[in-house]
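Position 1 is the first residue of the sequence, and the numbers go up from there.
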Amino acid sequence: MIENGYPPTPGVILAGGLARRMGGGDKPMRLIAGRPILERVIDRLAPQCDGLVLNANGDPARFKAFGLPVVSDDVADFPGPLAGVLAGLEWAVVNRPGVQYVLTAAGDCPFLPRDLVSRLHQARRDNDAEIAVAESGGQMHPIIAIWNVEIRHAIRHALTVEDFRKAHAFVRRFRLAQASWPTEPLDPFFNANQADDLAEATRLAALDGG
């Protein structure tokens, strides 16, 4: 256990998407009030996690300024966020032996809660769960979650044998807990999916202290 009362929990920031709705490129590198979204995500998660790693595909050198290890998917054809979760869990098993739980979070969510890890672990413990996911406004966010590393085997089977990619349905195969956050004054899981969302994110950043 560590000082805040939960097990050492590495964090995996998922930035492997294709950003089609933004015209391609890396969503986490877009700017909000002059700061990259990824920088904001790192600032939120670093104090909560026992180290961070970035899941991204393509040339890792473009993320060099952030100083994080970069791990890519090893499942072909961009099968979605579950492939990033798998990459993160497998990285943790190799590089952080003894770690039982890993946090995953979307790289395009600039306002992640500062109590994300502690509250997810609390939900996990209270429900004897294998996965604990975030929820806001009645919506589950299945890739913003804490995972038992043993689930990596089931993810690989789902992706490579079943061709099953739906994260919402996949997490329901396990003992699942949810931790809920309010959506006022802003939804902490707001994500910048489209170009127009960047203007809204800038407005929200002012509410969130910049």
Side-chain angles (χ1 to χ4, degrees), residues 2 8-99 101-114 116-117 134 141 143-147 149 152 155-156 159 167 188-195 197-199 201-202 204-205 208-210:
I2 54 179
T9 306
V12 180
I13 300 172
L14 303 176
L18 300 178
R20 291 186 179 96
R21 283 180 285 180
M22 277 199 180
D26 296 302
K27 284 190 293 182
M29 303 292 272
R30 301 295 203 276
L31 299 182
I32 295 175
R35 296 178 63 200
I37 295 173
L38 180 56
E39 180 181 301
R40 293 173 177 272
V41 174
I42 292 169
D43 285 352
R44 291 302 177 104
L45 294 182
Q48 305 182 55
C49 292
D50 190 30
L52 295 173
V53 61
L54 184 66
N55 163 247
N57 298 307
D59 184 1
R62 67 194 192 278
F63 297 106
K64 183 178 180 180
F66 297 96
L68 298 180
V70 180
V71 58
S72 62
D73 300 346
D74 73 349
V75 180
D77 300 324
F78 299 103
L82 281 177
V85 174
L86 174 62
L89 297 183
E90 293 188 334
W91 179 92
V93 168
V94 172
N95 293 279
R96 299 296 308 278
V99 160
Y101 298 103
V102 170
L103 172 84
T104 60
D108 60 353
C109 290
F111 310 119
L112 291 168
R114 300 182 190 279
L116 179 63
V117 177
H141 308 287
I143 63 166
I144 302 177
I146 282 176
W147 308 74
V149 295
R152 69 190 187 278
I155 299 176
R156 182 168 290 281
L159 292 174
F189 306 109
F190 172 91
N191 64 323
N193 263 327
Q194 304 181 55
D197 292 336
L198 295 176
T202 299
L204 296 175
D208 196 51

Table please: side-chain donor-acceptor pairs of residues 63-71 below 3.5 Å, with sequence neighbours left out.
none

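Applying the 6.0 Å contact sphere to CZ of Arg114 captures no more than 12 heavy atoms from other residues, nucleotides or ligands. Counted within 6.0 Å of CG on Asp59, heavy atoms from surrounding residues, nucleotides or ligands total more than 12; the atom is thus considered enclosed.
Partners of Pro79 by side chain to side chain contact (heavy atoms under 4.5 Å, CB included), not counting sequence neighbours, listed by chain and number: Val75, Ala83, Leu159, Arg165. Listed by chain and number, the residues in a side chain to side chain donor-acceptor pair (under 3.5 Å) with Asn55 are Asp73 (sequence neighbours excluded). In terms of the ring-ring contact (aromatic ring centres under 6.0 Å, His included) criterion, Phe111 has no residue partners (sequence neighbours excluded). Listed by chain and residue number, nothing satisfies the side chain to side chain donor-acceptor pair (under 3.5 Å) test with Asn95 (two or more places apart in sequence, or in another chain).
Of the possible donor and acceptor atoms, one in the side chain of Arg40 sits under 3.5 Å from a partner among the backbone N and O of Ile32. At least one donor-acceptor pair under 3.5 Å links the side chain of Thr104 to the backbone N or O of Ile143. Not a single donor-acceptor pair under 3.5 Å links the side chain of Arg152 to the backbone N or O of Leu86. Formation of a donor-acceptor pair under 3.5 Å by the Glu39 side chain with backbone atoms of Met29 is not found in this model.
Side chains of Thr9 and Cys49 form no contact here, defined as non-hydrogen atoms less than 4.5 Å apart. In this structure, Val12 and Leu103 have side chains that are not in contact, with every pair of non-hydrogen atoms separated by 4.5 Å or more. Between Ile37 and Lys27 there is no side-chain heavy-atom pair separated by less than 4.5 Å. Between Val53 and Pro10, the closest side-chain pair of non-hydrogen atoms is not below 4.5 Å.
Closest of all the heavy-atom pairs between Cys109 and Ile144 is SG-CD1, 4.1 Å.
Residues in residues 79-97 take part in these salt bridge (charged side-chain N to carboxylate O under 4.0 Å, His left out) pairs, two or more places apart or across chains: Asp50-Arg96, Glu90-Arg156.
Taking the charged nitrogens against the carboxylate oxygens, Arg35 and Asp43 do have a contact shorter than 4.0 Å, which makes a salt bridge.
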